[in-house]
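The structure appears right after this line, and notes come after that.
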Protein chains: 2
Amino acid sequence: MAGVTTRTRLSPDQRRTQLLDLGVRLLSTRSVDELSIDLLAEEAGISRGLLYHYFGNKAAFHEAVVRHAADDLIAQTAPPTSGDAFERLHASMAAYLAYVEQNLAGYLSLVRGSAGGSEAMREIYDEARAALTDRVFDDEHDGFRVPDTPLARLVVRGWAAMAEDAVLSWVLDPTGVSREQLLDMLTAALPSLVATVPEQ
Amino acid sequence: MAGVTTRTRLSPDQRRTQLLDLGVRLLSTRSVDELSIDLLAEEAGISRGLLYHYFGNKAAFHEAVVRHAADDLIAQTAPPTSGDAFERLHASMAAYLAYVEQNLAGYLSLVRGSAGGSEAMREIYDEARAALTDRVFDDEHDGFRVPDTPLARLVVRGWAAMAEDAVLSWVLDPTGVSREQLLDMLTAALPSLVATVPEQ
DNA sequence: GGCGCTATTGAAAAAACGTCAATAGAATGG
DNA sequence: CCATTCTATTGACGTTTTTTCAATAGCGCC
């Protein structure tokens with residue numbers, strides 16, 4: 001008959017990731033207050049109550065979604081281990097770009113959550129950013145040096161903001177710029193910017 | 001006596017700007033879904049209904065607040081008219097920095113609204129950014145040339161993202177970097193980045 | 001001092017968020 | 001193959017927040 005609803009019972013892990021994946025997808029097009037728990041529950045084929053059982057409240061769910069997206073980004077853009085600083089930088093940017101291209105929904109819900117949301121969200125975002133920049137400069141600095149001064153940190157941080165903006169802009173509208181051009185530009189930008197900072 | 005509430009009747013313009021100014025202030029510390037119309041109305045000394053009379057619904061109010069902040073930013077960072085490209089660039093950055101320092105609340109509610117919010121919000125933010133970058137390169141380009149190619153636009157846009165990030169970071173925590181150091185860094189960064197772009 | 005315009009209110013409906021005891025899959029043991 | 005137990009899941013209910021709208025009251029004008 002119509003409306004025969006057999007509830008499907010999953011393991012907590014399965015259900016949790018199902019809801020997080022769905023959240024990532026839905027939050028890539030709407031903002032968080034344009035997404036009602038009602039819609040989410042219907043889309044997932046569950047009751048509202050279940051979402052609260054897993055995440056407590058809406059804000060906590062949103063935070064979990066953003067963290068989920070961030071973890072995915074960090075995991076999938078593994079740090080390059082071979083080559084000099086330049087090569088590692090280039091490979092790191094390529095991996096980052098590839099991730100944004102292949103996982104636009106997840107990336108967008110991460111970016112959206114970060115700026116608009118709470119303090120906790122911004123921390124998650126900063127972690128993700130740090131994972132992209134720090135890993136290149138952790139160890140030896142063969143290729144070019146980055147002095148560890150407040151101004152240099154401002155520059156590197158600013159460069160990361162530039163890279164994020166440029167990558168997203170390009171993915172959303174790549175007309176007129178090739179992938180290699182973009183990567184070369186971003187790779188060249190960092191040493192070029194660092195060079196303008198006084199050594200000490 | 002206690003609770004004597006004489007309603008104060010303002011002109012629509014006065015009330016509108018009162019509510020927008022208040023909204024800017026309140027939205028600099030909370031996110032939009034942490035701000036109830038109830039609190040806003042109480043803080044403004046009006047009824048909830050009046051806010052809906054003026055703005056229709058909460059989302060529209062939020063958008064109006066963000067637009068208000070953006071207009072303020074654009075107006076208060078007037079374009080410099082004298083000097084060569086370098087001097088104009090430096091003056092423009094100084095005006096921008098001064099605005100963020102003196103008007104942190106308004107700037108924060110603008111930034112917060114843009115990333116988290118709807119499509120309309122992002123457009124407002126892009127307008128504000130364009131107003132800051134375009135005006136420096138509108139007319140003559142004495143000092144350094146910026147070829148009008150897709151890649152160059154990506155670079156300039158990225159530079160703006162870097163400037164926004166660096167300025168906000170510095171204002172929130174200026175330890176170790178002087179104002180002039182920051183301004184010089186940002187001013188030097190643009191031509192340095194542009195130089196890495198092929199002329200044609 | 002009364003009159004009309006409209007800015008403003010307050011109560012009540014609608015929608016969204018959050019809670020919790022009751023329900024029913026699925027595995028386990030007999 | 002049935003009964004039992006465990007717990008993932010539900011659905012109804014209470015609370016908070018948003019939104020609507022007819023009634024109210026400040027303020028200028030005659």
Side-chain angles (χ1 to χ4, degrees), chain A residues 1-23 26-27 29-66 112-113 116-118 120-121, chain B residues 1-23 26-27 29-66 112-113 116-118 120-121:
Chain A
M1 303 300 271
V4 175
T5 60
T6 45
R7 58 168 80 170
T8 48
R9 185 190 174 109
L10 302 181
S11 79
D13 269 10
Q14 285 179 308
R15 180 88 331 141
R16 215 185 127 80
T17 57
Q18 177 215 347
L19 294 177
L20 289 178
D21 286 341
L22 179 61
L26 293 182
L27 285 174
T29 53
R30 316 154 226 291
S31 77
V32 67
D33 48 42
E34 287 166 347
L35 173 64
S36 67
I37 303 294
D38 232 337
L39 175 64
L40 184 90
E42 190 178 7
E43 204 79 12
I46 61 164
S47 68
R48 278 204 308 284
L50 192 57
L51 192 104
Y52 287 96
H53 172 71
Y54 276 101
F55 298 100
N57 59 45
K58 192 182 179 180
F61 172 69
H62 187 201
E63 187 181 320
V65 167
V66 170
R112 278 163 169 264
S118 61
M121 303 259 190
Chain B
M1 304 298 273
V4 175
T5 60
T6 44
R7 59 167 82 170
T8 47
R9 186 191 172 109
L10 301 182
S11 79
D13 269 12
Q14 284 179 310
R15 178 95 322 146
R16 213 184 131 82
T17 57
Q18 177 215 347
L19 294 177
L20 289 179
D21 286 342
L22 180 62
L26 293 182
L27 283 174
T29 52
R30 316 155 224 292
S31 76
V32 68
D33 49 41
E34 288 166 347
L35 173 64
S36 67
I37 302 294
D38 230 337
L39 174 64
L40 185 91
E42 189 179 8
E43 204 80 10
I46 62 165
S47 68
R48 282 200 308 281
L50 192 58
L51 192 103
Y52 287 94
H53 173 70
Y54 276 102
F55 298 100
N57 58 46
K58 193 181 180 181
F61 172 69
H62 186 201
E63 187 182 321
V65 167
V66 171
R112 277 163 171 265
S118 61
M121 303 258 190

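Order of the sequence lines fixes the chain letters, A, B, ..., with proteins taken first and strands second; residue numbering starts at 1 for each chain.
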Per atom distances to the B:Ser47 side chain, the nearest of C:dA24, C:dT9, C:dC17 is C:dT9
Q.
Heavy atoms from C-beta onward define the side chain here; which of D:dT18, C:dT8, C:dA26 lies closest to that of A:Arg9?
A.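 Taking heavy atoms from C-beta onward, the closest nucleotide is C:dA26.
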- Query: Between B:Leu10 and B:Lys58, who's closer to the 5' end of DNA chain D by nearest nucleotide?
  - Reply: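 The 5'-side residue here is B:Lys58.
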Whichever of A:Leu51 and B:Ile37 has the more 5' nearest nucleotide on DNA chain D, that residue is A:Leu51
Distance test, side-chain N/O of B:Arg15 to OP1/OP2 of C:dA7, below 4.0 Å
no
### Query
According to a strict under-4.0 Å criterion, is B:Tyr52 in side-chain N/O contact with OP1 or OP2 of D:dC21?
no
Atom-pair distance ([atom1] on [X]; [atom2] on [N]), nearest Å:
{"X": "B:Ile46", "N": "C:dG10", "atom1": "CD1", "atom2": "C1'", "value": "13 Å"}
{"X": "A:Asn57", "N": "C:dG18", "atom1": "CG", "atom2": "P", "value": "5 Å"}
{"X": "A:Leu50", "N": "D:dG11", "atom1": "CG", "atom2": "C1'", "value": "12 Å"}
{"X": "B:Glu42", "N": "D:dT18", "atom1": "CD", "atom2": "P", "value": "14 Å"}

Partners meeting side chain to side chain contact (heavy atoms under 4.5 Å, CB included) with A:Ala41 (sequence neighbours left out):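 Result, side chain to side chain contact (heavy atoms under 4.5 Å, CB included) vs A:Ala41: A:Ile46, A:Arg48.
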**Asked** Does the D:dT17 base have a donor-acceptor partner in the side chain of B:Arg48 within less than 3.5 Å?
**Response** no
